[in-house]
Protein chains: 2
Amino acid sequence: MILTSKIESFVMHCGEMGSRWGFNRTVGQMYGLLIIHQEPLTAVDISEALNISRGNVSMGIKELQSWRLVQVQHKPKDRKEYYSPAGTIWEMATRVFEERRKREIDPTLSLLRDNLLDEPANQKEVYAQEKMHEIHDLLETVTHWAGELQSMSPEKLNTLMKLGAGVSKVINLKDKLINKS
Amino acid sequence: MILTSKIESFVMHCGEMGSRWGFNRTVGQMYGLLIIHQEPLTAVDISEALNISRGNVSMGIKELQSWRLVQVQHKPKDRKEYYSPAGTIWEMATRVFEERRKREIDPTLSLLRDNLLDEPANQKEVYAQEKMHEIHDLLETVTHWAGELQSMSPEKLNTLMKLGAGVSKVINLKDKLINKS
DNA sequence: TTAAACTTTCAGAAATTACTGAAACTTCAG
DNA sequence: CTGAAGTTTCAGTAATTTCTGAAAGTTTAA
């Protein structure tokens, strides 16, 4: 498996960005490779293309599976596992988004909820709870919003996205309708 | 500077989440502490409250400043620098969001743009470019959308957020209006 | 069963990232 | 100026994360 320089630059870039997207370098590279390569790849293909150990590929695939970003296929008369990206680019973006929400927001939300149950014990805690409340409300709104977006069909989401500057106008419209009634 | 257990748990949680939010443990703790503490804190306060070295505080503050999340204040007759969170919770969330977009999306967008300028050299590259195109378009839409949200006033944004399930309906409404005309 | 062909696991090594603390730097009151 | 009170820098060390490769596990064809 030899990569042309353009493809290689994409794969390496995915590696560099990997940690920013929530996984590590090799997992990023693996994911980039799977996306950019039309045919499903075996663990050995990946290990050779990226010059990483077989064991590392196994762990990386596990990680990508935990993000629901790859799927396994089998070919007849062949015992090997073939990996390919799971779903369309759009679906995968949605999954990364959702998964990150779970990892980055949900734990905080739950901590805040717990802390807000207790009575503040002193002046400092009163202030602290106010702030925690603000953060809690913000995160809850964002979470709710994110869920909303996810429950929309890709086409509708796209409409909403493309609406662009129009969103603002539509809200005004809605406001008017509400006020009238 | 001693923290009550509830406040401490919040600060430590911010530390643990730090790396997921884009910075490291101590930077996360520092940020949590500044948010939860009503009065601005000096570098020494922070270093004592979190048991970290003075030098580390300095580096952490620099990092938080690069995210535009802290501001420096001075008190009369006092040469020390006092740090406090910059802006409301909402504004700070917006900044983290924007800053992450810059770090997580913009570089990829620029790489993809470059790669898409060249002609594909073979069949594999044709496929690769298709995929890169899809990713490019997705990221561009998201970026555009994010910019849109950011240009809206916090109140309007909140209205939009609170709209929740209504968004879908509003879009339908808009569609109808367009179709009628 | 057996053994070939594959995958997974995990202890230890390597690489990366974060932290300390001492020295250098800056600022300002006297 | 001088030095006291602060901040920043950065080389070296500590902590954490990632990767390797060998051993253990799994699956299936014969």
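Worth knowing before you read on, the calculation uses all heavy atoms, side chains too, and leaves out hydrogens, waters and symmetry mates. Protein chains get the first letters and strands the later ones, always in sequence-line order, with residue 1 at the start of each.
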Can you build the contact string for nucleotides 11-24 of chain D? Use B for base contact, S for sugar-phosphate-only contact, and - for no protein heavy atom under 4.0 Å. -------SBBB---
Same cluster or not: B:Phe97 versus B:Trp67, using hydrophobic residues (I, L, V, M, F, W, Y) connected whenever any side-chain heavy atoms lie under 4.5 Å apart? no
Atom pair CZ/CD1 of A:Arg101 and A:Ile105 - distance to nearest 0.5 Å: 7.5 Å
Counting only side-chain heavy atoms from C-beta out, which of D:dT8, C:dA5, D:dA4 sits nearest to B:Tyr83? D:dT8
Considering only NZ, NE, NH1 and NH2 on the basic side and carboxylate oxygens on the acidic side, decide whether B:Glu16 and B:Arg25 come within less than 4.0 Å. no
note: A:Arg79, atom CZ; C:dA4, atom C1'; distance rounded to Å ~ 6 Å
According to a strict under-4.0 Å criterion, is A:Lys62 in side-chain N/O contact with OP1 or OP2 of C:dT7? no
Would you mind reading off the distance between B:Asp78 atom CG and C:dA29 atom C1', rounded to a whole angstrom? 14 Å
Show your reasoning for whether side-chain hydrogen bond (donor to acceptor under 3.5 Å, both in side chains) applies to B:Asn24 and B:Thr26. CA-CA 6 Å; B:Asn24 68 33; B:Thr26 41; 3.3 Å; yes
Could you tell me whether a side-chain N or O of B:Arg95 sits under 3.5 Å from a main-chain N or O of B:Ala86, the two making a donor and an acceptor? yes
Distance check needed: D:dA5 P versus B:Lys77 NZ, whole Å only. 14 Å
Taking side chain to side chain contact (heavy atoms under 4.5 Å, CB included) as the criterion, tell me which of A:Asp114, A:Val142, A:Thr143, A:Ile135 meets it with A:Leu109. A:Thr143
Please list residues of residues 32-49 of chain B whose heavy atoms come under 4.0 Å from any atom in DNA chain C, ordered by number; otherwise none. none
Could you give the NE2-to-C1' distance, from A:His74 to C:dT7, as a whole number of Å? 11 Å
Specify the separation, in whole Å, of atom CD of B:Glu63 and atom P of D:dT9. 14 Å
Could you give the NZ-to-C1' distance, from B:Lys80 to C:dT26, as a whole number of Å? 16 Å
Between B:Glu98 and B:Thr94 (side chain of the first, backbone of the second, donor and acceptor by atom type, cut-off under 3.5 Å), is there such a pair? no
Are any side-chain N or O atoms of B:Gln129 and backbone N or O atoms of B:Asn115, one a donor and one an acceptor, separated by less than 3.5 Å? yes
NE2 (B:His13) and CG (A:Leu112) are apart, to the nearest 0.5 Å, by 6.5 Å
